[in-house]
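Quick note on labels: first sequence line is chain A, next is B, and so on, each numbered from 1.
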2 protein chains.
Amino acid sequence: MKKKQSATIYDVASRVGVSLATVSRVVNGNTNVRESTKRKVLAAIDELGYHPNAVARGLASKKTTTIGVVMPDVTDMYYSELARGIDDVANMYHYDVLLTNTDEDPVRETMAVNNLATKQVDGIIFMGNELDREVLNTIASVDAPVVLAGFLTSDGSLPSVNIDYVAAIRESTKALIRNGHQRVALVIGPLTHAINKQYRLKGYQDALEEMGIDYDESLVFTSHQDYAAGMQVAERVTAAKATAAITYDDEVALGIMNYMIDKGVKVPDDFEVVTSNNTKFAIVTRPAVTSISQPKYDIGAVAMRMLTKLMNNEILEDTQITLPHTIERRGTTKNDLEIKM
Amino acid sequence: MKKKQSATIYDVASRVGVSLATVSRVVNGNTNVRESTKRKVLAAIDELGYHPNAVARGLASKKTTTIGVVMPDVTDMYYSELARGIDDVANMYHYDVLLTNTDEDPVRETMAVNNLATKQVDGIIFMGNELDREVLNTIASVDAPVVLAGFLTSDGSLPSVNIDYVAAIRESTKALIRNGHQRVALVIGPLTHAINKQYRLKGYQDALEEMGIDYDESLVFTSHQDYAAGMQVAERVTAAKATAAITYDDEVALGIMNYMIDKGVKVPDDFEVVTSNNTKFAIVTRPAVTSISQPKYDIGAVAMRMLTKLMNNEILEDTQITLPHTIERRGTTKNDLEIKM
DNA sequence: CTGAAAGCGCTAACAG
DNA sequence: CTGTTAGCGCTTTCAG
């Protein structure tokens, strides 16, 4: 039963007594084939166990019906949920997904994009936190549309799908301030990244300004995106005498929360926490974590949908898509947390 | 700067004044090329920005340097950690990964395998809980080696990488019994799956027998692999008057634990929990969850390593690989939990 | 060490 | 509605 791929389009053609072209037509659903011959071809295909060779098809048609997905890490819940959205709509449009983990290393990101180009993918969806100049150049040099999912560059030169980070952080910060906090810590990624400096930090600063609180740089912390990093930054947050924190990553939020709990600090009574991604991590703890709720699956799905249009040479009416977010109130904030614009 | 792929091997050849064959040789690292012409070819490649077309190469060589990974769901931490191990060693051997989510639906699994065959992947790594007969037939019909990661079939007809589930569950069950529990609940997946019935349940029964406790079918529960399902099964576990539980999935364990906590049952004082996958979920809660520790990343990595051998037509000395596991004691079991063989 | 020639399996005009 | 004819870009004998 091995060697399924042995039958070629030629075998089918000669068996039925038609030309390659005819077989190709029925395989590709071309309507210009007489019903009777179509039936015969289909029968032969079945008997021979013929399956089209996508590689040959790719060479001839210059379309591989494969897209590349470049992401920091599949084991990161935030990205994997985006990936699931991407994969589902990719399948819906009959695309396969070539997955690459980069750990946000620009060198690996560059290699990944180049490699995907070599494999002739029809398009690429890129996830991460920032686009290094060299990566940007590589993307520009590639003959395949690229869309960013879950982050963006400051110049908006590439199509992307995101939520309104400024508003999301602004709202949460204000809510915390209304809850009585004068010192709210902001825990984000490197300020060298546009998404952190121009969006998240901006939202935080806007909130402070609107609420009449002076911006204190010492309340802004940079952290890696993992649990251990959260525990570490928690110590600094404590030292800075913050009484609440907004984080950009759920694992970091849990690290901070558990640090507090382990130190005997009551959450939310003595310390409130709001996180950003609303992954499963935010709901399995006690207390569960209040979070900005991003439509992660949809971000991936919409990005993929955009990509299909791009691959189809359609014009996008809007290249910078912003999806709505909400705030999910849970146990790490006091019940009277009030969300307002 | 667009249209990078414009240059072909032919362009390079004519620019240098050699034949295609020569360029192909230097591109593929064939040593039979004079150093001077090699240098010239390399220079031309650089000037023209030539990048080999993997699709054409695949057609000609019948190797795509791409493998397929079929998994239930990327957003499931257990599988995504396996996937990361796979991806890392795949890259090490210069393979790309085509990812497909199946939600364990046999229909989608069958389609996935067929699709991967169409795409001419050189090999496939399959993850899941069970192989449906039809899926098994499809796998057999495909002309590419397949290895299973993180589960197995009862007949061992396919190469696989796992831990010793029987021993792992036996040890944890016995440890719980030694802790004084007469009624330990076992929460696993459907008994129609070999991994549940012939391995996990067996380990549980062996432990009971060794400890002189009668097997009580009403203490074995079937549950889906998610948090909500865990909360649901917890109610039944409580009704069955179990005082401890062993689960096959971390999210399920958290569901059970939180159900107990929410009901005022003290964990671990009044109820102990041991889970199986030791994902990040097990460490971010308070208490953190005692877990069987599987080398998930390594399971994926070893599976991929096996696959490379298979793709290289090497003979495997051992097709059923068992990796070592340990038990990670945390806060959902009493401190005197004693692990013995 | 290098070139010529024959495909890999399929799509895509172009005829008819 | 169907066949013919070119390739797609590269690998791979086989000569030399």
Atom pair distance, as rounded to whole Å: [atom1] in [X] and [atom2] in [N]:
X        : N      : atom1 : atom2 : answer
B:Gln120 : C:dC8  : CD    : P     : 14 Å
A:Lys62  : C:dT11 : NZ    : C1'   : 11 Å
B:Lys119 : C:dG9  : NZ    : P     : 18 Å
B:Leu59  : D:dG9  : CG    : P     : 12 Å
A:Leu20  : C:dA13 : CG    : C1'   : 15 Å
A:Ile9   : D:dG7  : CD1   : C1'   : 15 Å
A:Ile45  : C:dC10 : CD1   : C1'   : 13 Å
B:Asn53  : C:dG9  : CG    : P     : 17 Å

Has [X] got a side-chain N or O lying under 4.0 Å from the OP1 or OP2 atom of [N]?
X       : N     : value
A:Ser19 : D:dG3 : yes
A:Thr37 : D:dT2 : yes
A:Arg34 : D:dT2 : yes
A:Thr22 : D:dG3 : yes
A:Tyr10 : C:dG7 : no

With a 3.5 Å distance limit and no angle check, can you tell me whether A:Lys62 reaches the backbone of A:Gln120 through a side-chain donor-acceptor pair? no
Quick note, A:Ala56 side chain, CB onward, closest among D:dG9, C:dC10, C:dT2 is C:dC10
Minimum-distance nucleotide to B:Ala21 side chain [options: C:dG3, D:dT4, D:dC10]: C:dG3
Side chains of B:Thr308 and B:Arg305 only: does a donor on one sit below 3.5 Å from an acceptor on the other? yes
Checking all strands, does A:Val18 fall into the base, sugar-phosphate, or nothing category for heavy-atom contacts under 4.0 angstrom? sugar-phosphate
Can you name the one residue among B:Val27, B:Leu20, B:Asn28 that meets side-chain contact (heavy atoms from CB on, under 4.5 Å) with B:Ser24? B:Asn28
